[in-house]
> 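Submitted below is the structure of interest, expressed as C-alpha cells.
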Amino acid sequence: MKRIFWGSGQIMAVVIDGKEIAKSYRLKLKEEVARLKEQRIQPKLTVVLIGEDPASQSYVRGKEKAAQEIGMESDLIRLPAETSESELLQLIERLNADASVHGILVQLPLPEQIDESKVIFAISPDKDVDGFHPVSVGKMMIGEPTFLPCTPNGILHLVKEMNVPIQGSHVVVVGRSQIVGKPVGMLFLNESATVSYCHSKTANLSEMTRQADILIVAVGVPKLITADMVKPDAVVIDVGVNRVDGKLVGDVEFDSVKEVASMITPVPGGVGPMTITMLLHNTIEAAR
C-alpha cells in the first residue's frame with residue numbers, strides 16, 4: 001500500500017472516510033430490513049440509558065437516528081442515575097423474555113452502584129448485539145459465528161473495504177481494553193495477521209509501533225502516536241476520541257502522521273460511524 005504523490009511532489013496518506021463507507025453499508029442493511037419486514041419480522045433494538053451523561057446521550061441519539069434511517073425499530077428506555085442494580089437486572093430479564101426485542105444494549109458507563117459485569121452477563125447471548133457477553137467473546141476467540149463487538153468489527157470492515165492486505169501483515173494494537181483492544185487483535189488474528197499488543201506498561205513503545213503494517217490505537221491519550229512512531233506506508237487506525245480545547249482529537253497526531261502513513265482514519269468521521277453500523281448489522285442478524 002503506497003501513499004499518494006501529488007503534483008507538487010507532496011506525499012499524503014489516503015484519509016479513510018468512515019462516514020461514506022458506513023453510508024454505503026447501511027444502504028445494504030436497509031434493503032435487508034425491508035426483506036425481513038416482507039416476512040413479517042420487524043428488527044427491534046432496545047437501548048437502556050441510565051443517568052444524564054452527555055456523551056452517552058449523544059451516542060444513544062446517534063444509534064436511534066441510524067436505526068430509523070434503515071427502517072429498524074428502536075426503543076429507548078431512560079432510567080434515573082440512582083437506579084439500583086437489581087432494578088436494572090429485572091428490566092434486562094423482562095427484555096430477554098420479550099420476543100419482539102431482538103437486540104439489547106445497555107449504554108456504558110454505568111453508575112457506580114451497578115456492577116458492569118453482572119449487567120453484561122445478564123443479557124441473553126441471543127440478544128447481545130454489543131458482543132460483550134462471555135459466550136460471544138468465547139465464540140469469537142475460537143472463530144465461531146457470533147455477534148462481534150461493534151468497534152473492532154467496524155475497524156476490520158474499514159480495513160477490508162480499503163483493500164488493505166491482512167493475511168501475513170503485522171498488526172500492532174496499542175490498548176488492551178475489553179471493548180476494543182483485546183477483541184480487535186483477535187479479529188485480525190482470525191484473519192491470519194500476526195498481532196502484537198502494546199499498553200501502558202510496554203517498554204520502548206515506539207520500537208513496537210514502528211513495526212506495524214497496520215497500527216490500531218485505542219488508549220484514550222490525545223495525540224500519543226507521533227510521526228516518528230509510525231512505519232512509512234503503514235495503515236493507521238485511530239480509535240481515540242478525546243476532547244482538547246473544545247475540539248475532538250484522536251490518539252494519533254493526525255497532521256504529522258498523515259505525512260508518513262499510507263492510510264489513516266480521521267477523528268471524528270473515521271471509526272465512529274462504523275461502530276454504529278455494526279450494531280445495526282448485529283441486530284438484523286439477531287432478528288434473522
Side-chain angles (χ1 to χ4, degrees), residues 43-53 55-57 59-60 63-64 67 72-156 173 175-187 189-190 197 199 218-220 239 275-288:
K44 180 179 178 180
L45 170 68
T46 295
V47 178
V48 181
L49 176 62
I50 303 174
E52 304 292 332
D53 179 70
S56 292
Q57 292 191 68
Y59 294 148
V60 167
K63 291 166 184 173
E64 279 191 300
M72 180 186 296
E73 186 176 347
S74 179
D75 187 20
L76 173 61
I77 300 175
R78 292 180 177 271
L79 298 174
E82 59 271 18
T83 297
S84 70
E85 181 177 279
S86 62
E87 288 173 325
L88 178 55
L89 293 176
Q90 287 171 21
L91 171 61
I92 292 171
E93 187 176 352
R94 292 198 298 272
L95 294 175
N96 283 340
D98 187 343
S100 72
V101 175
H102 300 106
I104 302 170
L105 185 150
V106 178
Q107 183 64 47
L108 305 178
L110 297 172
E112 60 181 12
Q113 74 271 16
I114 299 175
D115 186 330
E116 191 174 289
S117 295
K118 287 184 180 178
V119 172
I120 291 171
F121 284 35
I123 297 171
S124 167
D126 294 332
K127 300 186 179 187
D128 171 39
V129 290
D130 247 343
F132 293 163
H133 193 282
V135 170
S136 304
V137 174
K139 287 184 174 181
M140 178 189 67
M141 288 286 290
I142 62 175
E144 287 291 311
T146 189
F147 297 124
L148 299 174
C150 300
T151 298
N153 198 23
I155 292 168
L156 182 60
V173 180
R176 52 177 171 175
S177 72
Q178 306 289 353
I179 295 174
V180 181
K182 288 180 180 178
V184 78
M186 183 53 58
L187 290 185
L189 186 63
N190 288 345
Y197 285 98
H199 44 78
V219 286
V239 191
T275 296
I276 295 177
T277 302
M278 292 300 104
L279 174 67
L280 302 178
H281 166 85
N282 283 351
T283 305
I284 291 169
E285 288 301 308
R288 197 202 309 276

> Tell me the closest heavy-atom pair linking N96 and S124, and the distance in Å.
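Minimum heavy-atom separation between N96 and S124: OD1-N, 3.0 Å.
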> Of the non-hydrogen atoms in S177 and V180, which two are nearest, and what is the gap between them?
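Answer, listing the atom of S177 first, then V180: OG-N, 3.0 Å.
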> I'd like to know if the side chain of Q113 and the backbone of T83 have a donor-acceptor N/O pair within less than 3.5 Å.
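Flag set: sc Q113 to bb T83 pair under 3.5 Å.
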> Between C150 and T275, which heavy-atom pair has the shortest distance, and what is it?
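C150 and T275 have their closest heavy atoms at CB-O, 3.4 Å.
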> Measuring from I284:CD1 to M72:CE, what's the distance to the nearest 0.5 Å?
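These two atoms lie 4.0 Å from each other.
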> Stepwise, does the side chain to side chain contact (heavy atoms under 4.5 Å, CB included) test hold for I77 with L95?
CA-CA 11 Å; I77 300 175; L95 294 175; 4.3 Å; yes
> Using only atom types and a distance under 3.5 Å, with no angle test, would you say the side chain of E87 pairs donor to acceptor with the backbone of E82?
no
> Which atom pairs, one a donor and one an acceptor, fall under 3.5 Å between side chains of residues 102-109 and the rest of the protein, sequence neighbours left out?
from : atom 1 : to  : atom 2 : distance (Å)
H102 : ND1    : Q42 : O      : 3.4
H102 : ND1    : K44 : N      : 3.1
Q107 : OE1    : K63 : NZ     : 2.7

> Please answer whether the main-chain N or O of E52 pairs with a side-chain N or O of S56 as donor and acceptor at a distance below 3.5 Å.
no
> With a 3.5 Å distance limit and no angle check, can you tell me whether E116 reaches the backbone of L110 through a side-chain donor-acceptor pair?
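Not at all, since once roles are kept as given, no pair shorter than 3.5 Å links the two residues.
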> Pairs of donor and acceptor atoms involving the side chains of residues 132-148, under 3.5 Å and at least two apart or interchain, shall be tabulated with distances.
from : atom 1 : to   : atom 2 : distance (Å)
H133 : ND1    : V135 : N      : 3.0
H133 : NE2    : F121 : O      : 3.1
S136 : OG     : D128 : OD2    : 2.7

> CG/L156 to OG1/T151 distance, rounded to the nearest 0.5 angstrom?
12.5 Å
> With rounding to the nearest 0.5 angstrom, report the NZ to CD1 distance, K118 to I120.
13.5 Å
> Please find the pair of heavy atoms, one from I179 and one from P149, that lie closest to each other, and give the distance.
O-CB, 4.3 Å
> Is atom CD of Q57 surrounded by more than 12 heavy atoms (other residues, nucleotides or ligands) closer than 6.0 Å?
yes
> Knowing that exactly one of V47, D75, L45, L76 qualifies, which makes a side chain to side chain contact (heavy atoms under 4.5 Å, CB included) with E64?
L76
> Just how far is it from atom CE of M278 to atom CD1 of I276, taken to the nearest 0.5 Å?
11.5 Å
> Measure the spacing between CG of L79 and CD1 of I50 and express it to the nearest 0.5 Å.
5.5 Å
> Of all heavy-atom pairs between D98 and S100, which one has the smallest distance, and what is that distance?
OD1-OG, 2.7 Å
